[in-house]
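Input: a single structure, listed below in structure tokens.
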Amino acid sequence: MRDETQYRDDLERRFLDETARQRGRGLVCLWIAGLLWAYVALRLVVSWKILGADPDCDAPLFSQVDPDYAYESATACAVNPWPTLLGVLALSVPFSAVGAALYVRGMVGANLIHYVRSMTR
């Protein structure tokens, strides 16, 4: 015959361990998304000369494009980095969503088990 108190404590411990793992996985995903955002911010505001790329290009955020918006008149420095930067931002969206969902799920689960423990003891 099993000890019900010990069995319940083991279930609570395993449940809390799982919620801690979920929070950890969520934080890792959010950390990766934050790194991707930091990369985009760095590439937008830091001059390419500092990053070791094309020495004639200024930061993409501060590059000038002619007002007529003709493709021939747009400088390569102002146009070329945007597809890559938007791709990195698009890559960060799933990491942000999954990370937030895992972290919230872990927090709600931990709070739930603490609530149940306080109500049953």
Side-chain angles (χ1 to χ4, degrees):
M1 181 143 204
R2 68 180 179 197
D3 182 19
E4 289 298 321
T5 305
Q6 181 65 31
Y7 178 70
R8 189 176 328 128
D9 290 342
D10 287 342
L11 283 177
E12 288 177 359
R13 181 187 45 78
R14 283 188 279 166
F15 190 78
L16 283 173
D17 289 344
E18 181 61 29
T19 60
R21 279 192 295 276
Q22 287 175 350
R23 284 187 309 225
R25 289 178 190 138
L27 285 176
V28 167
C29 287
L30 289 172
W31 186 73
I32 291 170
L35 285 177
L36 292 171
W37 275 85
Y39 170 78
V40 170
L42 180 75
R43 293 295 301 203
L44 281 176
V45 298
V46 174
S47 175
W48 286 25
K49 297 172 217 171
I50 295 171
L51 297 174
D54 191 0
D56 294 334
C57 291
D58 198 14
L61 194 60
F62 306 117
S63 295
Q64 296 293 323
V65 178
D66 289 337
D68 61 0
Y69 298 108
Y71 182 75
E72 295 82 22
S73 65
T75 62
C77 295
V79 175
N80 287 343
W82 289 105
T84 303
L85 295 176
L86 292 175
V88 171
L89 283 179
L91 181 65
S92 75
V93 170
F95 281 108
S96 300
V98 169
L102 283 173
Y103 186 77
V104 167
R105 183 177 176 193
M107 287 300 294
V108 168
N111 288 337
L112 179 65
I113 197 67
H114 290 304
Y115 175 75
V116 168
R117 184 183 293 163
S118 70
M119 295 304 286
T120 58
R121 291 188 183 178

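Source: prediction; values computed, not measured. If you read the sequence from its start, that first residue is 1, and numbering goes on from there. Note: hydrogens, waters and symmetry copies are ignored here, and every other heavy atom, side chains too, is used.
Criterion: ILVMFWY side-chain heavy atoms under 4.5 Å apart, direct or through other members. Under it, Tyr39 and Val28 are part of a common hydrophobic cluster. A single hydrophobic cluster is seen to contain both Val45 and Leu86, as judged by linkage of ILVMFWY side chains at heavy-atom distances under 4.5 Å, directly or through other members. With hydrophobic clusters built from ILVMFWY side chains whose heavy atoms lie under 4.5 angstrom apart, Leu35 shares a cluster with Val40.
Separation of atoms OG (Ser92) and CD1 (Ile32) is listed at 11.5 Å; rounding is to 0.5 Å. Taking CG of Asp10 as the reference point, atom CZ of Phe15 lies at 15.0 Å (rounded to 0.5 Å). The CH2 atom of Trp31 sits 10.0 Å away from the CG atom of Leu36 when rounded to the nearest 0.5 Å. Interatomic distance, Leu112 CG to Met107 CE, rounded to the nearest 0.5 Å: 12.5 Å. Rounding to the nearest 0.5 Å places CD of Glu18 at 7.5 Å from CZ of Arg105.
Considering only heavy atoms from C-beta on, Leu89 comes within 4.5 Å of Trp37 through its side chain. The side-chain heavy atoms of Leu44 and Trp82, taken from C-beta on, include a pair separated by under 4.5 Å. Put simply, the side chain of Leu16 reaches to within 4.5 Å of the side chain of His114, judged on heavy atoms. In this structure, Arg14 and Leu11 have side chains that are in contact, with non-hydrogen atoms separated by less than 4.5 Å.
Minimum heavy-atom separation, Glu12 to Ile113: CG-CD1, 3.8 Å. Residues Leu85 and Arg43 share a closest heavy-atom pair of CD2-CB, 3.6 Å. Between Ser96 and Ala33, the shortest heavy-atom contact is OG-CB, 3.3 Å. Taking all atoms of both residues into account, the shortest heavy-atom contact from Phe95 to Cys29 is O-CB, 3.5 Å.
The pair Asp17-Arg13 counts as a salt bridge, with a side-chain nitrogen and a carboxylate oxygen less than 4.0 angstrom apart.
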